[in-house]
Amino acid sequence: MGLNETPSGERVRIGFFGVRNAGKSSLVNAVCGQQVALVSDVAGTTTDPVRKAMELLPLGPVDIVDTPGIDDVGELGARRVERTRETLRSCDVAVLVTDATREPLAAERELLSLFEELGLPFIVVRNKADLLPGEEAVAGSGSTRATARGAADASTPEILAAPDAAPASAAPVSPARAEVLASARTGEGITELKEALAHVRVSATRERRVVADLLSPGDKVVLVVPIDSSAPKGRIILPQQLVLRDVLDAHAGALVCQPEELADLLAAVGDIRLVITDSQAFAKVARIVAETTPLTSFSLLMARYKGDLHTLVEGAAALSALTDESRVLISEGCTHHRQCEDIGTVKMPAWIRSHCGANPTFEFTQGRGFPDDVSGYDVVVHCGGCMLNEKEMHWRQSVAAKSGTPMVNYGAAIACVHGILERSLRPLM
């Protein structure tokens, strides 16, 4: 992946939800301007979430996600509904697609309640406007309505009550809600929907930086990037890409080397503002870098960027209390081919066993397969989450918190077992 490509975890995720045959897939295709999702008149055509990366100006890079109907039936249907709910937890914006020709259904109102519960900005699209009686279709198609949270009037027939229709170009009253009358078949209202999406998300976005807020223009930063058997061919891994780009955005200078070249580089350059290392080289790099030079890791920066760093660091204390009877969940947000020196399944368990002096049981998850309940584990050890968005990472931390299970990030765990956690946190505090 090139540096000019936006990874999934850095895109605004917009999920399209609703019951079967509301026209979700047709609407997704209309928004994307191409045949992304399979459509037909048969209810339940979409069987798994379908994703499309695109640019949605002025919002920027987004992931559009089409989901199965929330009212799917049978055993297989239940599994599809569960996949839909899994998608919802990682979405930044939700779009509820309804059929404008009928009254709202209980399942649609349930989805709205779920959006509210999760604090999600959302838009209701009343699709199939071309099938409305002539005067109603002409009067409403393409209009955008917006309301403040809690302002809905339950007596109105719309699923989202609103004041009188405003011009589509008007900014929404609140970033929480908007309603659009549209037709995926004719294209009416699609432009208004895109504008509503941009307004909703732009209002809800907070600025996040990986490392730039710790730097000043002209600072010199050393990035220690081991190139070993686990390094991807021809490129550097995503956290390293994100840090490098953010250093450049801060108008600081970046010097990149492997651990073997670090001592010579530090001696030649001098006046280093920060050294950032791959966590697996933490112990070696800490011996080379002077105590007076700030040192941290890519993984700790990702913990700060994606999740709650304070809570993840607190979780490191649980590692020393593990026993032979303890259970440890090691979870990674991406899926990759396991190698003989894999960090998650080989190196991390070995470091933890050495640190606690015991032989706990280790279990592993990859990708989106994170449990809804982790109360059966004594600690969760999670990767940096570079392939997850902020919403998903916070959800995983909330699962651990509700389960009463400590959760620690790879970077904090590795720094802890090597006795350099306090030092590695100094530059971030």
Side-chain angles (χ1 to χ4, degrees), residues 12-19 21-33 36-37 39 52 54 56-59 62 64-67 70 88 91-105 108-109 111-112 115-116 120-149 151-153 156-204:
V12 175
R13 188 159 297 162
I14 303 171
F16 283 67
F17 302 89
V19 300
N21 258 8
K24 297 185 299 300
S25 298
S26 296
L27 202 65
V28 165
N29 290 342
V31 169
C32 295
V36 174
V39 297
K52 169 63 178 177
M54 64 177 289
L56 184 58
L57 299 176
L59 186 56
V62 300
I64 302 291
V65 188
D66 181 26
T67 65
I70 198 69
L88 184 58
C91 283
D92 299 295
V93 180
V95 177
L96 175 60
V97 182
T98 70
D99 187 334
T101 65
R102 57 160 172 75
E103 292 295 314
L105 302 176
E108 293 167 339
R109 295 193 181 279
L111 275 170
L112 280 184
F115 298 163
E116 293 276 7
L120 268 181
F122 65 85
I123 294 172
V124 176
V125 180
R126 298 177 62 220
N127 191 27
K128 305 184 182 181
D130 55 298
L131 301 181
L132 290 171
E135 291 185 5
E136 185 178 353
V138 171
S141 187
S143 67
T144 303
R145 297 182 177 188
T147 71
R149 184 180 296 276
D153 180 355
T156 61
E158 290 89 350
I159 193 168
L160 173 66
D164 292 338
S169 59
V173 175
S174 161
R177 304 175 161 191
E179 182 178 294
V180 177
L181 186 60
S183 168
R185 188 178 69 84
T186 66
E188 294 175 273
I190 301 304
T191 298
E192 288 75 14
L193 171 57
K194 291 180 179 179
E195 290 177 356
L197 284 168
H199 283 304
V200 166
R201 179 56 189 171
V202 166
S203 301

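Just so we're clear, the structure is a prediction, and the values are computed from it rather than from any experiment.
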Euclidean distance, Leu111 CG relative to Leu120 CG, rounded to 0.5 Å: 11.0 Å

With sequence neighbours excluded, residues passing side-chain contact (heavy atoms from CB on, under 4.5 Å) with Thr191: Glu195

Euclidean distance, Asn127 CG relative to Leu181 CG, rounded to 0.5 Å: 9.0 Å

Sidechain-backbone polar pair: Lys52 side chain, Val62 backbone, donor-acceptor under 3.5 Å: no

Trace of the side chain to side chain contact (heavy atoms under 4.5 Å, CB included) decision for Val31 with Val95: CA-CA 12 Å; Val31 169; Val95 177; over 6 Å; no

Considering all heavy atoms, the nearest Glu116-Phe122 contact: OE2-CE2, 4.0 Å

CG-NZ distance between Leu96 and Lys24, expressed to the nearest 0.5 angstrom: 9.5 Å

Basic-acidic side-chain contact under 4.0 Å: Lys128, Asp99: yes

Nearest-0.5 Å distance that lies between atom CG in Leu197 and atom CD1 in Ile64: 6.5 Å

Flag side-chain contact, heavy atom, 4.5 Å: Val180 against Ile190: no

Contact check, side chains of Val97 and Val28, non-hydrogen atoms, under 4.5 Å: no

Gap separating the CZ atom of Phe17 from the OG1 atom of Thr98, nearest 0.5 angstrom: 15.0 Å

Spacing of CG belonging to Asp130 relative to CZ belonging to Arg185, to within rounding of 0.5 Å: 4.0 Å

Least distance between heavy atoms, Asp66 atom then Ser25 atom: OD2-OG, 2.5 Å

